[in-house]
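Note that the coordinates shown come from a computational prediction; the quantities given were computed from them, not determined experimentally.
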Amino acid sequence: MTAMNGDTAAAGAVSTDSAGAPVKEWITERVAAISVPPRTAAEIHDTQSLTDDLGVDSLAFIETLVAFEEKFGVRLDEERLLLFSYDTVGDLTDHLIRTCARS
C-alpha cells in the first residue's frame with residue numbers, strides 16, 4: 001500500500017536533525033505503547049508496518065495523532081488522521097516532522 005498523498009515517496013526521507021528529533025522520539029514512544037502487544041521504543045523501526053508488523057489499532061492511532069496535535073500545537077488534515085494513510089513508522093514520522101516544520 002502506498003501513502004495516500006505520496007508525501008514520503010515524493011519528498012524523500014526527512015532528516016531527523018535537532019528540529020525533528022523530538023517528534024521522532026515522541027512518535028516512536030507512542031507507537032511502541034499502542035503496538036499489539038506493546039513494545040519498547042528500541043523495538044520500533046522506521047521500516048515497520050504500523051498494521052502488519054505492529055498491530056496498531058485505528059482508534060488508538062487517531063487518539064495518538066490528536067495527542068500529537070495538542071503536544072506540538074499543529075493541526076493535521078482530517079484525511080491524514082486515518083491509519084491507512086501511512087504504510088510505515090517512517091512514513092508517519094516524516095509526515096509529522098514536515099507538518100511541524102510548516103507550522
### Task
Using the test side-chain contact (heavy atoms from CB on, under 4.5 Å), find all partners of A41 that sit at least two apart in sequence or belong to another chain.
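Testing A41 for side-chain contact (heavy atoms from CB on, under 4.5 Å), a comparison that skips the adjacent residues, returns T28, E29.
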### Message
Going by the rule side-chain contact (heavy atoms from CB on, under 4.5 Å), which residues pair with A67 if we only count those two or more places apart in sequence or in a different chain?
### Response
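Listed in chain order: W26, R30.
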Listing, residues 53-65 side-chain donor-acceptor contacts under 3.5 Å, not counting sequence neighbours, or none:
{"unit_1": "D53", "atom_1": "OD2", "unit_2": "S49", "atom_2": "N", "d": "2.7"}
{"unit_1": "D57", "atom_1": "OD2", "unit_2": "L59", "atom_2": "N", "d": "3.0"}
{"unit_1": "D57", "atom_1": "OD2", "unit_2": "A60", "atom_2": "N", "d": "3.1"}
{"unit_1": "T64", "atom_1": "OG1", "unit_2": "A60", "atom_2": "O", "d": "2.9"}

Restricting to non-hydrogen atoms, name the atom on [X] and the atom on [Y] that form the minimum distance, rounded to 0.1 Å.
X   : Y   : value
A32 : I44 : CB-CG1, 3.7 Å
P22 : F72 : O-CZ, 4.0 Å
P38 : A33 : CB-O, 4.0 Å

Once rounded to the nearest 0.5 Å, what's the spacing between atom [atom1] of [X] and atom [atom2] of [Y]?
X   : Y   : atom1 : atom2 : value
L50 : D87 : CG    : CG    : 8.5 Å
T93 : E25 : OG1   : CD    : 12.0 Å
L96 : R98 : CG    : CZ    : 10.0 Å
K71 : I27 : NZ    : CD1   : 12.0 Å
Q48 : S35 : CD    : OG    : 7.5 Å

Tell me if a side-chain donor or acceptor on [X] pairs with a main-chain N or O of [Y] at a distance below 3.5 Å.
X    : Y   : result
D91  : T88 : yes
T51  : F84 : no
S103 : T99 : yes

### Query
Quick one: does R102's side chain get under 4.5 Å of V74's, heavy atoms only?
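No, side chains not in contact.
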### Task
Would you mind listing every side chain to side chain donor-acceptor pair (under 3.5 Å) that reaches into residues 37-46, with sequence neighbours excluded?
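Sorted result for residues 37-46: K24-D46, T40-E43.
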